[in-house]
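Whatever order the structure lists them in is the order used to number ligands and atoms, beginning at 1. All values derive from a computational prediction rather than experimental measurement.
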Amino acid sequence: MHPKTILMGIFVPVAFLLYSESHFVKMTNVVCDTYNKSWAVFHYCRLKAYSRNKTSLNINATFLHPARNISLGFRLLKRANGYKPFLFNITIDACLFLRRRHNPVIKMFYNVIKDVSTLNHSCPYSGLQVVSDFHRVSLPVPLPSGDYLVCLDFIFDGKTQFFVNIYSHVVEDF
Ligand SMILES: *[C@@H]1O[C@H](CO)[C@@H](O)[C@H](O)[C@H]1NC(C)=O
Ligand SMILES: *[C@@H]1O[C@H](CO)[C@@H](O)[C@H](O)[C@H]1NC(C)=O
Ligand SMILES: *[C@@H]1O[C@H](CO)[C@@H](O)[C@H](O)[C@H]1NC(C)=O
Ligand SMILES: *[C@@H]1O[C@H](CO)[C@@H](O)[C@H](O)[C@H]1NC(C)=O
Ligand SMILES: *[C@@H]1O[C@H](CO)[C@@H](O)[C@H](O)[C@H]1NC(C)=O
Ligand SMILES: *[C@@H]1O[C@H](CO)[C@@H](O)[C@H](O)[C@H]1NC(C)=O
């Protein structure tokens, strides 16, 4: 298999949710920030609480110029005397990824994203970008109980433009 295919195969399930009933996952905080205000600005980046156990992710941002060349860096960290790298640190070509919807794994990713965001198309992206009420968080691989941090770095034209960091609490064998 091509290395990129393998990476995608890993990335997609981890980031976007094959269902695992035996785990309890709650997003506990989200931080978004931009490195380049002339390309991407955030208006809103917050979790909404549904109940003690459930939150949803809501993001509203604007891309001031069309983004045609987008890579996505994905890192998982686990808390243990500060957050330490854990299991994944990969970067994918997001535009290529979105174009290849015939791949069942990518189709799954797309199906999740399209229902909760304006990211329901292929590149380029420009203008208002919204993720609303994203809450179908679950795990593809068993993770030990603990506090995790998912770092998403959005790289346009080879340079990181902004990041979205999602803090989560996982309870095994819920
Ligand atoms: C910042 O964004 C502008 C587009 O508004 C782009 O031309 C420039 O290359 C970006 N700077 C960096 C360091 O990525
Ligand atoms: C996104 O935020 C902007 C600026 O606060 C606001 O004007 C716009 O209505 C928001 N859009 C959505 C869909 O939330
Ligand atoms: C929340 O999760 C805990 C386990 O973490 C469970 O005992 C409790 O019943 C849940 N509460 C609600 C309102 O779902
Ligand atoms: C993740 O990988 C990138 C590129 O391979 C590397 O530059 C970076 O230092 C790594 N980050 C961590 C936290 O391991
Ligand atoms: C994306 O979603 C919006 C709002 O749900 C919808 O109007 C639009 O047609 C969708 N675009 C595609 C390409 O599916
Ligand atoms: C995206 O931009 C990077 C950095 O400028 C470049 O190396 C890469 O070839 C570009 N990818 C595409 C598909 O144009």
### Task
Decide whether an N or O pair under 3.5 Å exists between Asp93 and ligand 6.
no

### Task
Heavy atoms only: give me the nearest Leu152-Asn165 pair and the separation to one decimal.
N-OD1, 4.1 Å

### Task
Check Thr55 against Met27 and note the closest heavy-atom contact, atom names and distance.
OG1-O, 2.8 Å

#### Entry: Short N or O distance, Arg75 and ligand 4, threshold 3.5 Å exclusive
no

## Note on the structure
Across all chains, not counting sequence neighbours, the ring pair (Phe, Tyr, Trp, His ring centres under 6.0 Å) partners of Tyr148 are Phe86

### Task
Mind checking ring pair (Phe, Tyr, Trp, His ring centres under 6.0 Å) for His135 and listing every partner two or more places apart, or none if nothing turns up?
Tyr50

### Query
Going by the atom numbers of ligand 4, which of them fall below 4.0 Å from some non-hydrogen atom of Asn89?
1 (C), 2 (O), 3 (C), 8 (C), 10 (C), 11 (N), 12 (C), 14 (O)

## Note on the structure
Exactly one of Phe156, Phe162, Phe163 clears ring pair (Phe, Tyr, Trp, His ring centres under 6.0 Å) with Tyr35, and that residue is Phe163

### Query
Residues in side-chain contact (heavy atoms from CB on, under 4.5 Å) with Leu77, at least two apart?
Arg75, Tyr83, Leu149, Cys151

### Working for ring-ring contact (aromatic ring centres under 6.0 Å, His included), residues Phe63 and Trp39
CA-CA 6 Å; Phe63 294 174; Trp39 205 332; 8.2 Å; no

Which N or O atoms of ligand 1 sit under 3.5 Å from a protein N or O, and how far apart is each pair?
| from | atom 1 | to | atom 2 | distance (Å) |
| --- | --- | --- | --- | --- |
| ligand 1 | 2 (O) | Asn36 | OD1 | 3.3 |
| ligand 1 | 2 (O) | Asn36 | ND2 | 2.4 |
| ligand 1 | 2 (O) | Ser38 | OG | 3.3 |
| ligand 1 | 5 (O) | Ser38 | O | 2.7 |
| ligand 1 | 5 (O) | Ser38 | OG | 3.3 |
| ligand 1 | 5 (O) | His65 | NE2 | 3.2 |
| ligand 1 | 11 (N) | Asn36 | ND2 | 2.8 |
| ligand 1 | 14 (O) | Gln161 | NE2 | 2.8 |

